[in-house]
Number of protein chains: 2
Amino acid sequence: MGAPKEPEFEFRGTCCRPVKELLSRIGGKWTVLIVTRLADGPRRFSDLKREIEDISQKMLTSTLRDLERDGFVQRTVTPSIPPRVDYELTDLGMDLLSPLEALGAWAVRNQHRVDAARARFSGYRPAAPHPNDNETHASI
Amino acid sequence: MGAPKEPEFEFRGTCCRPVKELLSRIGGKWTVLIVTRLADGPRRFSDLKREIEDISQKMLTSTLRDLERDGFVQRTVTPSIPPRVDYELTDLGMDLLSPLEALGAWAVRNQHRVDAARARFSGYRPAAPHPNDNETHASI
DNA sequence: CAGTATCCCCGGGGATACTG
DNA sequence: CAGTATCCCCGGGGATACTG
């Protein structure tokens, strides 16, 4: 009976569980950082940890696990002592780079337009302020 | 004088606060849904509320406010009683549609590869299981 | 080295009631 | 109609300690 009422995505005609999932995956704090690091070639766990530096062990592990689970990353264990684990992009992971780069390029190209909009928004807007913009109204 | 150690994004050479910001914006639960609705033309607040249906008033308001702030959406008030507020994509918002559609199309095209990866991942993996895959080991 | 276990915090998001 | 106010919850993410 009840499918647990997930909001049904509709993306310009095409239906959208996959879109929603991809969006929430790349919306994660570390995913894109890790993927772009791996774009330059395979990395050991400790390489990634060192290169990204601000990431916690836990988030590196769990983000990599999610990426492995979804098929973007291949995990290879070399059972030595100490153990060695390498991560690399799969074909699927490499394919993902294109739309990601398109989005990244767009963000960089249009950054100034967003910044300008923000300046306008927080600046003086004489007409039609939002109801509770609790600005101590300047009048007197 | 520490800048509050934000992880510095590096996206294939180009630096990346804007990429990070765009990613977290479209990673939001409702942003893309709203933007794609507006892609078909201007909508009143209540239209969006009705069309998206599962969204709460609060999230519709705050997501629209974020989109307005960043310059993707234009908000137009008609001070009648009851009031009427229309939202529409700005040029910036419409420009965003391209990379978004590219990403959406990719997600749909490659959905089966992700699904296949997941099936493999949760299925029987004889070699190199993760340390604590606490599977009640089938042996005996 | 490459993890796991535990504890904790904050903010995104939801529900409900109220308002100019 | 188009919001705001309040209260609440959960899970993403961080810190720290421990381990095969």
Side-chain angles (χ1 to χ4, degrees), chain A residues 4-7 20-21 23-34 42-68 73-88 128-135 137, chain B residues 4-7 20-21 23-34 42-68 73-88 128-135 137:
Chain A
K5 59 166 183 168
E6 274 295 311
K20 200 175 55 177
E21 287 183 357
L23 244 21
S24 77
R25 171 98 25 265
I26 68 177
K29 190 169 177 183
W30 303 105
T31 309
V32 172
L33 232 355
I34 293 176
R43 293 281 193 285
R44 298 183 60 168
F45 184 88
S46 49
D47 292 334
L48 289 169
K49 181 85 175 69
R50 189 170 348 95
E51 290 179 26
I52 304 187
E53 69 180 52
D54 278 330
I55 197 172
S56 66
Q57 219 132 332
K58 176 186 157 191
M59 286 314 296
L60 182 52
T61 303
S62 83
T63 306
L64 281 169
R65 199 73 81 238
D66 289 341
L67 288 170
E68 186 195 3
V73 158
Q74 163 91 33
R75 177 178 180 266
T76 308
V77 179
T78 307
S80 51
I81 293 182
R84 171 190 180 118
V85 179
D86 289 273
Y87 291 92
E88 64 186 316
H130 293 129
N132 276 28
D133 240 1
N134 59 359
E135 47 188 273
H137 354 37
Chain B
K5 57 164 184 170
E6 274 295 311
K20 201 174 54 175
E21 287 183 355
L23 244 21
S24 77
R25 170 98 27 266
I26 67 176
K29 190 170 177 183
W30 302 104
T31 310
V32 172
L33 232 356
I34 292 175
R43 292 281 193 284
R44 299 182 58 168
F45 184 88
S46 48
D47 291 334
L48 290 169
K49 181 84 176 69
R50 189 171 347 96
E51 291 179 25
I52 304 188
E53 68 179 50
D54 277 331
I55 197 173
S56 67
Q57 220 132 333
K58 177 187 158 193
M59 286 315 295
L60 181 53
T61 303
S62 83
T63 307
L64 282 169
R65 199 73 81 239
D66 289 342
L67 288 170
E68 186 195 3
V73 158
Q74 163 90 33
R75 176 178 181 266
T76 308
V77 179
T78 307
S80 51
I81 293 182
R84 170 190 181 117
V85 180
D86 290 271
Y87 291 93
E88 64 187 315
H130 293 128
N132 275 28
D133 240 1
N134 59 3
E135 45 188 272
H137 355 37

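Only a predicted model underlies this, so the values are computations on that prediction, with no experimental measurement involved.
Residue Tyr87(A) places at least one side-chain N or O closer than 4.0 Å to OP1 or OP2 of dG3(C). Considering only side-chain N and O atoms, Ser46(A) lies under 4.0 angstrom from the phosphate OP1 or OP2 of dA2(C). Applying the 4.0 Å criterion to OP1 and OP2 of dA2(D), one finds that Arg44(B) has a side-chain N or O inside that range. Taking only side-chain nitrogens and oxygens, Lys29(A) comes nearer than 4.0 Å to OP1 or OP2 of dG14(D).
Nucleotide dG12(D) holds its P atom 16 Å from the CZ atom of Arg65(A), rounded to whole Å. The distance between atom CD1 of Ile26(A) and atom P of dG12(D), rounded to the nearest whole Å, is 16 Å. Between Ile81(B) atom CD1 and dG3(D) atom C1' the separation is 15 Å, expressed in whole Å. With rounding to whole Å, Phe45(B) atom CZ is found 6 Å from dA2(D) atom C1'. Note: CG (Asp86(B)) to P (dC1(D)) measures 13 Å, nearest angstrom. Rounded to a whole Å, the CD atom of Glu53(B) is 16 Å from the C1' atom of dG14(C). Look at CZ on Arg43(A): it is 16 Å from P on dG3(C), rounded to the nearest Å. The distance between atom CD1 of Ile55(A) and atom P of dG14(D), rounded to the nearest whole Å, is 7 Å.
Taking only side-chain atoms of Gln57(B), from C-beta outward, the nucleotide of dC1(C), dT4(D), dT4(C) with the closest atom is dT4(D). The nucleotide whose nearest atom lies closest to any side-chain atom of Met59(A) is, among dT4(C), dA2(C), dG14(D), dG14(D). Side-chain proximity of Trp30(B) to the nucleotides dG14(C), dC1(D), dG3(D) is greatest for dG14(C). Of the listed nucleotides (dT4(C), dC1(D), dG3(D)), dC1(D) has the atom at the smallest distance from the side chain of Pro83(B). With dG3(C), dG14(C), dG3(D) as the choices, the nucleotide that has an atom nearest any side-chain atom of Arg75(B) turns out to be dG3(D).
The shortest side-chain heavy-atom distance between Trp30(B) and Asp54(B) falls under the 4.5 Å cut-off. Counting heavy atoms from C-beta on, the side chains of Phe45(B) and Arg75(B) never come closer than 4.5 Å. Asp47(A) has its side chain out of reach of Asp86(A): every pair of non-hydrogen atoms, C-beta onward, lies at least 4.5 Å apart.
Closest heavy-atom contact between Glu88(A) and Thr76(A): OE2-OG1, 4.3 Å. For the residue pair Ile26(B) and Leu23(A), the shortest heavy atom distance occurs at O-CG, 3.6 Å. Minimum interatomic distance between Leu48(A) and Arg43(A) (heavy atoms only, all atoms of both residues): CG-CB, 3.7 Å.
Along DNA chain D, the nucleotide nearest to Leu64(B) and the one nearest to Gly28(A) differ in position, and the one closer to the 5' end is contacted by Leu64(B). The nearest heavy atom of DNA chain C to Lys58(A) and to Val85(A) marks one nucleotide each, and the one closer to the 5' end goes with Val85(A). Mapped onto DNA chain C by nearest heavy atom, Thr63(B) and Asp47(A) fall at different nucleotides, with Asp47(A) at the one closer to the 5' end.
Note on Lys49(A): nothing from the nucleic acid sits closer than 4.0 angstrom, heavy atoms only.
Base pairing annotation: dC18(D) forms a Watson-Crick or G-U wobble pair with dG3(C), both donor-acceptor distances under 3.5 Å.
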